[in-house]
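Below is one structure; the comments refer to it alone.
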Amino acid sequence: AAVADDMAPARQIARRFDGSEIENSIAKVIRAMPFPPPNSMLGPEGESWAPVHGIVSLTNAPAFHAAIEALFTDMADAFRQHGIYTGYLFTSLSTNALLIEPVFYWPNGYRPVHEAMMDASHLAGLPKLPANPEATAVVTQARQGVAQIAARFGCGHFQIGRDYPYRQSRDAASLALLDAVKALVDADG
């Protein structure tokens with residue numbers, strides 16, 4: 001009944017503007033498969049893919065982005081030499097922050113995690129590239145560089161403890177609180 005009450009004014013608005021209702025296919029597809037295989041874990045040519053990000057205030061976002069671009073300019077020769085290319089994901093977080101996420105693609109063979117997580121038929125349609133430790137090392141250096149820039153700008157992160165330092169970015173009072181809570185709930189450390 002509540003959905004019908006919500007839909008009635010939407011239908012009236014659509015009719016007023018000569019609109020028509022369509023099948024709710026997106027909702028049905030999402031409900032049928034809420035967690036599809038992460039087939040975007042590899043690029044369209046089978047290349048490896050890795051992101052790094054920072055959640056930055058709107059005020060600091062332009063300078064944060066410029067600093068990342070400066071790092072990429074400094075590394076441009078190495079990127080070209082190893083076939084590394086980049087892109088960005090920008091996502092606003094409410095009205096006060098922006099997630100800036102550079103992504104890296106480079107020619108490097110897929111790993112067991114790809115075989116375990118991706119749809120087998122999708123993976124079978126991609127070329128299997130050889131391992132490329134030299135290119136991977138350059139990507140690792142670039143991702144660490146972005147993480148260091150993010151620390152300079154006081155960025156927040158999702159997935160703390162993976163690629164982003166946590167304790168090193170806390171002030172003394174925050175560390176004391178964290179350690180006190182940890183001592184209560186995890187006395188063995």
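This chain uses plain numbering: 1 for the first residue, then up along the sequence.
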Please say yes or no: joined through hydrophobic side-chain contacts below 4.5 Å, possibly via intermediate residues, are Ile149 and Val103 part of one cluster? no
Does a side-chain heavy-atom distance below 4.5 Å link Pro102 with Val146? yes
Answer with yes or no whether the hydrophobic clustering places Val139 together with Trp49; edges join I, L, V, M, F, W, Y residues whose side-chain heavy atoms lie under 4.5 Å apart. no
Met75 side chain reached by Gln141 side chain, heavy atoms, under 4.5 Å: yes
Consider only side-chain heavy atoms of I, L, V, M, F, W and Y, link residues closer than 4.5 Å, and tell whether Leu175 and Leu177 are in one cluster. no
Angle between ring planes, Phe90 versus Tyr88, binned at 30° and 60°: parallel, tilted or perpendicular? parallel
A quick test of your reading: do over 12 heavy atoms of other residues, nucleotides or ligands sit less than 6.0 Å from CE of Met7? yes
Atom of Gly83, atom of Pro107 and distance for their closest heavy-atom approach: O-CD, 3.2 Å
Can you tell me how far CE of Met118 sits from CG of Leu42, rounded to the nearest 0.5 angstrom? 4.0 Å
Flag, side chain of His53 to backbone of Phe158, donor-acceptor distance under 3.5 Å: yes
List the atom pairs, with distances to 0.1 Å, where a side-chain N or O of residues 22-41 and a protein N or O form a donor-acceptor pair under 3.5 Å, not counting sequence neighbours.
unit_1, atom_1, unit_2, atom_2, d
Glu23, OE2, Lys28, NZ, 2.2
Asn39, OD1, Asp119, N, 2.9

Please name the pair of heavy atoms, one in Leu58 and one in Pro62, separated by the smallest distance, quoted to 0.1 Å. O-CD, 3.5 Å
Please give me the minimum heavy-atom distance between Trp106 and Ala135, naming the atom from each residue. CD1-CB, 3.6 Å
One should read off an interatomic distance between Lys128 NZ and Glu115 CD, to the nearest 0.5 angstrom, of 5.5 Å
I need the Leu126 CG to Glu45 CD distance, nearest 0.5 Å. 8.5 Å
Using the side-chain hydrogen bond (donor to acceptor under 3.5 Å, both in side chains) rule, collect all pairs that involve residues 4-17, keeping only residues at least two apart or in two chains. Arg11-Glu21
Looking only at heavy atoms, the pair that brings Ser48 and Gly109 closest together is OG-O, 3.9 Å
Quick one: are Tyr110 and Leu123 in side-chain contact, heavy atoms under 4.5 Å? yes
In this structure, CG of Asn60 is separated from SG of Cys155 (nearest 0.5 Å) by 7.5 Å
Taking atom OG1 of Thr91 and atom CD1 of Ile55, what is their separation to the nearest 0.5 Å? 9.5 Å
Under a 4.5 Å cut-off applied to non-hydrogen side-chain atoms, are Glu47 and Pro127 in contact? no
Under a 4.0 Å threshold between the charged nitrogen and the carboxylate oxygen, would Arg80 count as salt-bridged to Asp77? yes
Heavy-atom side-chain contact between Leu93 and Leu98 under 4.5 Å: no
Do the two ring centres, one from Tyr105 and one from Phe79, sit under 6.0 Å apart? no
Hey, quick one: are Tyr85 and Ile100 part of the same hydrophobic cluster, counting side-chain heavy atoms closer than 4.5 Å, chains of contacts allowed? no
Heavy atoms, side chains only, cut-off 4.5 Å: are Thr140 and Thr136 in contact? yes
For residues Phe153 and Ala67, report the shortest heavy-atom separation together with the two atoms involved. CE1-CB, 4.1 Å
Would a 4.5 Å heavy-atom cut-off, applied to side chains only, mark Leu129 and Asn108 as touching? no
